[in-house]
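The block underneath contains the structure these notes are about, expressed in structure tokens.
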Amino acid sequence: MGLFTKDIKNMDDLFVHTLRDIYYAENQIVKALPDMIEQAGDPALRQGFESHLAETKGQVRRLDEVFRLLGKEPSGVDCPAIDGIIDETEDVTGEVDDPRVLDAALIAAAQAVEHYEITRYGTLIAWAKQLGRSDCAALFQQNLDEEKATDKKLTTLAESNINRKAA
Ligand code: FE
Ligand code: FE
Ligand code: FE
């Protein structure tokens with residue numbers, strides 16, 4: 001933010017700012033997932049994190065394409081929300097000894113990440129459509145569909161056996 005002027009002057013600026021926010025967030029998630037893969041004890045959970053890491057790298061590539069469509073260089077802006085969710089994950093998982101409880105904690109943390117992403121993509125799709133960028137909206141929609149599917153998969157893993165084993 002400038003000292004005398006405000007950087008977000010209109011809806012286009014707000015749209016690009018939010019694109020940069022999710023771009024930063026996705027890149028932080030790419031960095032955070034390998035730790036979560038290493039910590040996961042349940043093979044299906046580990047596999048789920050592995051496949052979402054590969055998916056997340058593809059999501060970053062889709063966002064690169066959105067920047068290209070907008071004629072802008074891909075760049076992020078700090079997202080204190082995703083940094084906070086990842087810090088909280090590390091704080092909580094660092095306090096857990098029992099590997100079964102750790103799996104439940106990892107799922108809870110991962111779902112907080114997915115829900116943050118879901119809210120951002122929902123907003124970006126609505127704004128892209130309003131601003132006449134259905135090309136960008138279609139790319140965001142593909143990322144949103146993957147986040148929603150991941151969130152559902154995590155719920156299924158938790159409710160089918162991981163929570164029961166942890167309790
Ligand atoms: Fe993502
Ligand atoms: Fe953010
Ligand atoms: Fe995700």
Side-chain angles (χ1 to χ4, degrees), residues 1 6-40 42 44-70 72-93 103-128 131 133 135-159 162:
M1 283 292 165
K6 295 191 173 181
D7 289 338
I8 299 174
K9 298 192 193 314
N10 55 42
M11 204 56 198
D12 290 297
D13 293 345
L14 182 62
F15 176 62
V16 173
H17 178 86
T18 305
L19 168 61
R20 291 189 164 135
D21 173 271
I22 194 68
Y23 189 71
Y24 173 91
E26 293 287 12
N27 278 290
Q28 293 305 108
I29 295 162
V30 168
K31 288 188 208 161
L33 272 168
D35 266 353
M36 297 172 77
I37 291 167
E38 207 173 296
Q39 291 185 80
D42 182 276
L45 179 58
R46 180 182 289 238
Q47 169 57 45
F49 284 156
E50 274 168 0
S51 66
H52 199 51
L53 175 56
E55 235 165 32
T56 302
K57 290 175 181 167
Q59 293 173 352
V60 170
R61 288 194 291 274
R62 278 189 205 114
L63 296 180
D64 284 331
E65 175 63 10
V66 172
F67 280 109
R68 198 191 62 77
L69 289 168
L70 296 171
K72 306 223 176 257
E73 277 303 308
S75 68
V77 290
D78 278 357
C79 171
I82 201 71
D83 286 337
I85 291 170
I86 292 169
D87 284 350
E88 188 179 24
T89 302
E90 289 166 358
D91 286 353
V92 173
T93 56
D103 281 347
L106 287 168
I107 290 182
Q111 289 195 283
V113 171
E114 295 317 311
H115 281 245
Y116 180 71
E117 297 183 284
I118 289 167
T119 174
R120 280 290 174 259
Y121 284 121
T123 296
L124 282 164
I125 289 164
W127 288 352
L131 295 169
R133 297 308 306 238
D135 51 350
C136 302
L139 289 159
F140 293 138
Q141 185 66 53
Q142 292 178 51
N143 285 8
L144 177 62
D145 290 345
E146 289 176 352
E147 314 300 14
K148 284 187 173 169
T150 300
D151 182 52
K152 258 197 179 157
K153 208 192 283 176
L154 289 165
T155 296
T156 302
L157 280 172
E159 293 183 349
I162 289 179

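What you are looking at is a predicted structure, and each value in this text was computed from that prediction instead of being measured. Read the numbers this way: they start at 1 and go in the same order the structure lists the ligands and their atoms.
- In the model, Gln59 has no side-chain atom that pairs as donor or acceptor with a side-chain atom of His52 under 3.5 Å.
- The atom name of the N/O/S atom in Glu117 closest to the Fe ion (ligand 1) is OE2.
- The distance from the Fe ion (ligand 1) to the nearest N/O/S atom of Thr150 is not under 2.8 Å.
- One finds an angle of 100° at the Fe ion (ligand 2) between SG on Cys79 and OD2 on Asp21, to the nearest 10 degrees.
- A side-chain donor from one of Asp145 and Gln141 sits under 3.5 Å from a side-chain acceptor of the other.
- Heavy-atom contacts from other residues, nucleotides or ligands closer than 6.0 Å to CD of Glu65 number more than 12.
- The name of the N, O or S atom in His52 nearest to the Fe ion (ligand 3) is NE2.
- Screening Glu117, Lys57, Met36 for a side-chain contact (heavy atoms from CB on, under 4.5 Å) with Ile29, the sole residue that qualifies is Glu117.
- Between the side chains of Arg120 and Tyr116, a donor-acceptor pair is found at a separation under 3.5 Å.
- Contact annotation: Tyr24 places no N, O or S atom under 2.8 Å from the Fe ion (ligand 2).
- With 2.8 Å as the limit, Glu26 does not count as an N, O or S neighbour of the Fe ion (ligand 3).
- In terms of distance to the Fe ion (ligand 1), the nearest N, O or S atom of Glu147 is named OE2.
- Taking the six-membered ring where the residue is Trp, Phe15 and Phe140 present perpendicular rings, their angle passing 60° and hence far from 30°.
- Glu114 contributes OE1 as its N, O or S atom closest to the Fe ion (ligand 3).
- Taking backbone and side chain together, Glu55 holds no N, O or S atom under 2.8 Å from the Fe ion (ligand 3).
- Of the charged side-chain nitrogens involved, at least one lies within less than 4.0 Å of a carboxylate oxygen, so that Glu146 and Arg62 count as a salt-bridged pair.
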